[in-house]
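Positions are given from 1, in the same order as the sequence printed here.
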Amino acid sequence: MSGALSIGGGARKPSTWLPFVVAALITACSGLALLKLYALQSERRHEAARAEVVSQLSVLRARLEYNLTAPLLISRGLVAQIVFQGGMSDADFARAAALVMQDYESIRNLAMSRGTVIASVYPLASNRAVLGADYRDLPDQWPAVERAINSRRPVVAGPVNLLQGGTALIGRVPVFLPDAGGEARLFGLISVVIDIPKVFAASGIDAGTLPMELALRGRDGLGRKGAMIWGDEAVFGRSPVEMEVTLPDGTWAMAAIPKGGWGIDDGQLRVTGGMGLVLFLVTALASFGWAVHARIQRRVQRHVAESEERYRALVETSPMAVIVHRDGGILFANTQASRMLKVPEGQSLVGRALRDLIHPDSRAALAERVDAVLSAPDSVSSGAARYITGEGEVIETEVVSTRVGLEGRPAVLSVVHDVTRRHRAEAERERLLESLRRSNEDLQQFAYIASHDLQEPLRNVAGYVQLLGRRYRGRLDKDADDFIAFAVQGTKRMQEMITNLLDYSRLRQDDGEPERLDSRIALDEALADLGAAMDESGAVVEVIGTMPVVAARRVELARIFLNLIGNAIKYRRADTVPRIRISARRDGRNWVFSIADNGIGMEPASLDRIFTLFQRLHSRDTYDGTGIGLAICRKLVQHNGGRIWAESQPGHGSTFHFSLQGAE
């Protein structure tokens, strides 16, 4: 199995292909049967889903019909009283309406008209606007009223817009009384105004836990032809389960589909499809295996080599090494396996002992994985292993193995991936990280030494310049006095910058782990240190809410507060009392601290560079300092695992934010 075999020419008899034709027919038939089985299973699941929706929708429909019909039926009692008494006064109507409404929360009001003019309504307080209204002047309601009068039957209309505000379902019952000649004359109408949301809530239609999407249409009892009443109209176009809700005069159309539609993921169908696919593949392999066997039996050994060539073609194009072995001997290895193990040209891995290719350090672990795969047919084992190439080089690999059947006996199929380069890259990355760490340490040490060693000569220069100033001030010309003053100021600024640089270089990343700290303690320490500056400037510091408990180093957090609050006091407006607000808010696992002031503010374009060493936005004549305070803040915040940023507008103050991990 280590090289391609040539296929001899000559005519082939049709009978030699008969096993493959039979195998193809068996495979095709099994595929069609499995597809039919899957279709039947899918249809059955769909029917079961529809049956479930039908069952649930039937319950909802029954509840809805009851909650709609029951309030409408109470109008019959009022009609009977009017017919029996030959009419009804407004007071009698109010008493009768109060009695019948107390059992129905869904009824908003009852109304009685004389002729087509509304004469009485109960309750009166919230419905006074409808008194005296003539139905013939209401284009939204007159068609339904006219239909009730002409048909002399109850009519349900709606949802309709009410004169007193809102929408509702209105059931109207015409009342006819005999006149002196025995002819029936229209007395008026009894109207029952039903609160649709309450009816839907009582019926369970608006429950958020419904396992289906529901829609209703049929305004004015027109059924499927009517306008939408509830839900998404698109449900009617998605093959829903539909039912009619029967009203005293007309119907509503109710439609429902499962939440997510009929095509939602069905685990059982996936299992059926997966099993069907496996069965199809097994059938195909078995059929064509039989065909290959039959053809081998009919033909000479040349056809055995041809079948092996087809088998090898399935895995030769794989970029991974594929090795099949049994009892320690290699039965098959693809071309990539030979390349990976650098097998000399002309030699084959087939027939060699797998143990000879494994590094001694990996033999025991690999043997355990092979035993585990052979003992559990459906298991997959993976792990690292070291191989030895034909050139004696040790390579690192990742091996995934599973059990396969070969010639009626179990074997192990292993896919081997060479990860030597990745391991080397990881080692190189670790080496570079270590080199970077040492470089950072050297850089910090250099900054410390440079800053420290510059102090002494700078003190000498400053001392002699100050001595020149004291000895020769007034004895030379004015320019000389100015030059000496500039030199003194320059040496002082340089001393301050070196001191700050030395301070910055001492900020290290190995000062212990952050501790569980009440941030108010660090804030109080900073405020105590700023007491003199606050008294001098009259600054007002307000702490909003409770300061949280965070994971931080106390000294470093106190210094962050000290620098940010100190800057807020320093960069104040000359005509305004400094007001500083300190607060904290939760952001996931972190706490975000905010320090807002009413100072001079900054241009938004400058916010990206204010945290850089020695970056100043103002001249030293206006505000002193070296421009290192915010750089120290950024380093301290990062040291404690957070980040810092700012928001500002000129003349409207600044707000500095920084985040730290919570310790709750």
Side-chain angles (χ1 to χ4, degrees), residues 46 49-75 104-109 138-145 147-148 151 153-173 191-264:
H46 184 70
R50 290 190 72 89
E52 179 67 19
V53 174
V54 168
S55 174
Q56 295 168 349
L57 194 60
S58 298
V59 174
L60 290 177
R61 178 183 65 176
R63 292 177 181 171
L64 183 58
E65 287 181 345
Y66 170 78
N67 287 307
L68 285 172
T69 305
L72 294 173
L73 291 178
I74 68 171
S75 60
Y104 297 94
E105 294 183 359
S106 59
I107 298 179
R108 288 187 57 168
N109 62 75
L138 305 176
D140 291 342
Q141 301 188 29
W142 173 242
V145 173
R147 191 166 75 249
S151 65
R153 297 181 57 188
V155 170
V156 177
V160 298
N161 296 320
L162 302 177
L163 293 177
Q164 61 271 43
T167 59
L169 188 70
I170 303 179
R172 294 188 175 90
V173 181
S191 298
V192 183
V193 180
I194 301 173
D195 192 320
I196 294 179
K198 288 186 178 180
V199 170
F200 286 174
S203 304
I205 288 178
D206 62 348
T209 58
L210 278 179
M212 55 187 173
E213 298 179 38
L214 190 66
L216 285 169
R217 71 186 317 156
R219 186 183 296 272
D220 295 334
L222 297 180
R224 204 169 179 2
K225 297 180 181 179
M228 288 297 298
I229 297 172
W230 173 269
D232 186 358
E233 187 176 6
V235 172
F236 282 92
R238 297 169 66 184
S239 301
V241 172
E242 295 191 41
M243 292 184 181
E244 283 192 348
V245 179
T246 303
L247 303 175
D249 178 43
T251 61
W252 284 356
M254 176 182 283
I257 60 174
K259 278 191 176 177
W262 300 107
I264 58 175

Check: Could you walk me through whether E233 and R217 pass the salt bridge (charged side-chain N to carboxylate O under 4.0 Å, His left out) check?
Finding: CA-CA 8 Å; E233 187 176 6; R217 71 186 317 156; 3.2 Å; yes
Next item on the list: Any chance you could lay out the side-chain contact (heavy atoms from CB on, under 4.5 Å) test for L64 and M254, step after step, and finish with the verdict?
Entry: CA-CA 10 Å; L64 183 58; M254 176 182 283; 3.6 Å; yes
Please find the pair of heavy atoms, one from [X] and one from [Y], that lie closest to each other, and give the distance.
X: M228; Y: L216; answer: CE-O, 3.4 Å
X: R50; Y: S239; answer: NH1-O, 2.9 Å
X: A168; Y: I196; answer: C-CD1, 3.9 Å
X: L210; Y: K259; answer: O-CE, 2.7 Å
X: A253; Y: F236; answer: O-CZ, 3.7 Å

Next item on the list: Would you check, one step at a time, whether the test side-chain contact (heavy atoms from CB on, under 4.5 Å) holds for V192 with I107?
Entry: CA-CA 7 Å; V192 183; I107 298 179; 4.2 Å; yes
Distance (rounded to the nearest 0.5 Å) between [X] [atom1] and [Y] [atom2]:
X: E65; Y: T246; atom1: CD; atom2: OG1; value: 4.5 Å
X: Q141; Y: I170; atom1: CD; atom2: CD1; value: 4.5 Å
X: M212; Y: I257; atom1: CE; atom2: CD1; value: 11.0 Å
X: L57; Y: L214; atom1: CG; atom2: CG; value: 6.5 Å
X: W252; Y: R61; atom1: CH2; atom2: CZ; value: 14.0 Å

Check: Has the side chain of S58 got a donor or acceptor atom that lies under 3.5 Å from a matching backbone atom of V54?
Finding: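 Checking the backbone N and O of V54 against the side chain of S58, a donor-acceptor pair under 3.5 Å is found.
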Notebook entry, point to check: Got a sec, which residues hit side-chain contact (heavy atoms from CB on, under 4.5 Å) with R63, two or more places apart in sequence or on another chain?
Noted result: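 Counting only residues at least two positions away or on another chain, R63 forms a side-chain contact (heavy atoms from CB on, under 4.5 Å) with V59, L60, N67, S203.
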Next item on the list: Start with the C-alpha gap between L169 and V199, add the side-chain angles, then the distance that decides, and say whether side-chain contact (heavy atoms from CB on, under 4.5 Å) holds.
Entry: CA-CA 10 Å; L169 188 70; V199 170; over 6 Å; no
Notebook entry, point to check: Is atom CD of E244 surrounded by more than 12 heavy atoms (other residues, nucleotides or ligands) closer than 6.0 Å?
Noted result: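 At most 12 heavy atoms, drawn from other residues, nucleotides or ligands, come within 6.0 Å of this atom.
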